Amino acid sequence: MGQPESREAQQPQLPPGQRLQRGWPVTHYGPVPRFRSDRWEFRVFGATAEQGKHTWTHDEFTALPYTTVVADLHCVTKFSMLDAEWGGVLARTVAEAAPPAGHVTHVMVWAEYGFSSNLRLSDFLDERTVFATHKDGELLTAEHGFPLRLIVPHLYAWKGPKWVRGIEYMTADRRGFWEERGYHNVGDPWREQRYSYQEEPGDGPGL
């Protein structure tokens, strides 16, 4: 009997323009926020199905069902980490607990210091999108996003902010922090969607 195909034979490991990274560099804009568990709150607001706001304390959020996802991370700065194990709460779990209204199309992910990143609802609800608290079985460090960062494996890593504090359901798309500063509105690494000048009709607001 023949041997099963390797992952390399099944598909390319790295998106175009990426290089393999053995470690995990620290990349972020601005200072590392100080975590205070007694003041931390995760919010879901905007166009919710119940037309209200949902909140969790840190203890309540970390008590939600824990799931692990093995997935790559592709940074727009051109490094990629392969097959990391991310542990945390699936975005789908959050959406089930605090569902969006039927006409929601996009989500804005909000993080510390007003940082934001927009996602299509379908990307947010992908089966591997996870609010990560752990990597490879260990708690995230503060520099890597503790207590919570979003991992969206099929998009560039800036689409999954560190230090996430909540999500806003939206009925129309609008750009987040980096998208307003020239990054691509979608951010698919396999299509090398790095910058806004590459956008095509349908990729962003007003296009």
Side-chain angles (χ1 to χ4, degrees), residues 24-46 48 52-76 81 83-100 104 106-170 176-179 183 187:
W24 191 8
V26 174
T27 57
H28 59 261
Y29 177 82
V32 176
R34 181 184 177 188
F35 172 62
R36 293 283 299 270
S37 62
D38 58 330
R39 298 182 181 180
W40 191 92
E41 180 183 77
F42 185 93
R43 297 189 303 147
V44 177
F45 62 101
T48 64
K53 183 177 72 171
H54 300 257
T55 63
W56 288 267
T57 65
H58 183 252
D59 287 344
E60 289 169 340
F61 192 90
T62 54
L64 292 171
Y66 183 92
T67 303
T68 57
V69 174
V70 176
D72 304 336
L73 184 144
H74 305 296
C75 183
V76 74
M81 297 190 313
D83 296 328
E85 181 185 273
W86 307 99
V89 179
L90 292 177
R92 286 184 173 187
T93 300
V94 174
E96 289 169 0
V104 166
H106 291 78
V107 169
M108 188 71 77
V109 183
W110 290 98
E112 296 283 1
Y113 305 128
F115 183 86
S116 61
S117 185
N118 59 315
L119 291 169
R120 297 172 296 194
L121 183 62
S122 59
D123 293 321
F124 180 74
L125 297 179
D126 186 87
E127 63 183 2
R128 297 197 305 159
T129 300
V130 60
F131 288 101
T133 56
H134 292 70
K135 176 184 176 289
D136 295 330
E138 297 184 358
L139 273 176
L140 296 174
T141 64
E143 291 77 13
H144 284 303
F146 178 84
L148 196 67
R149 75 175 291 164
L150 185 65
I151 299 295
V152 190
H154 62 285
L155 300 180
Y156 281 120
W158 91 79
K159 284 294 187 177
K162 302 178 182 180
W163 312 304
V164 175
R165 294 297 299 272
I167 59 169
E168 176 188 0
Y169 291 135
M170 305 189 297
F177 180 89
W178 287 118
E179 293 80 13
Y183 279 71

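Everything quoted here is computed from the prediction, not taken from an experiment.
For the residue pair W110 and E168, a side-chain donor N or O sits within less than 3.5 Å of a side-chain acceptor on the partner.
The side-chain heavy atoms of T68 and W86, taken from C-beta on, include no pair separated by under 4.5 Å. Annotation: side chain of V130 is not in contact with side chain of L150 (no heavy-atom distance under 4.5 Å). Inter-residue side-chain proximity for F115 and W178 is flagged as met; some heavy-atom pair is nearer than 4.5 Å. With contacts defined as side-chain heavy-atom distances shorter than 4.5 Å, the pair F146/T133 does not qualify.
Between the side chain of T48 and the main chain of F45, no donor-acceptor pair closer than 3.5 Å is present. Under the 3.5 Å distance criterion, the side-chain polar atoms of R149 are matched with a main-chain donor or acceptor of H144.
For Y169 against A95, the heavy-atom pair with the smallest separation is OH-CA, 3.5 Å.
How far CG of L121 is from CD1 of I167: 9.0 Å, rounded to the nearest 0.5 Å. In this structure, CD on E179 lies 4.5 Å from CG on N118, to the nearest 0.5 angstrom. Interatomic distance, OG of S117 versus CZ of F177, reported as 11.0 Å (0.5 Å rounding). Interatomic distance, Y113 OH to K162 NZ, rounded to the nearest 0.5 Å: 12.5 Å.
When ring centroids are compared, F35 and H58 come within the 6.0 Å threshold. Proximity of the aromatic rings of F131 and F42 is defined here by a centroid distance below 6.0 angstrom, and this criterion is met. Checked against a 6.0 Å centroid threshold, the rings of H134 and Y66 count as neighbours.
Ion pairing between R165 and E112 holds under the 4.0 Å rule for side-chain N and carboxylate O.
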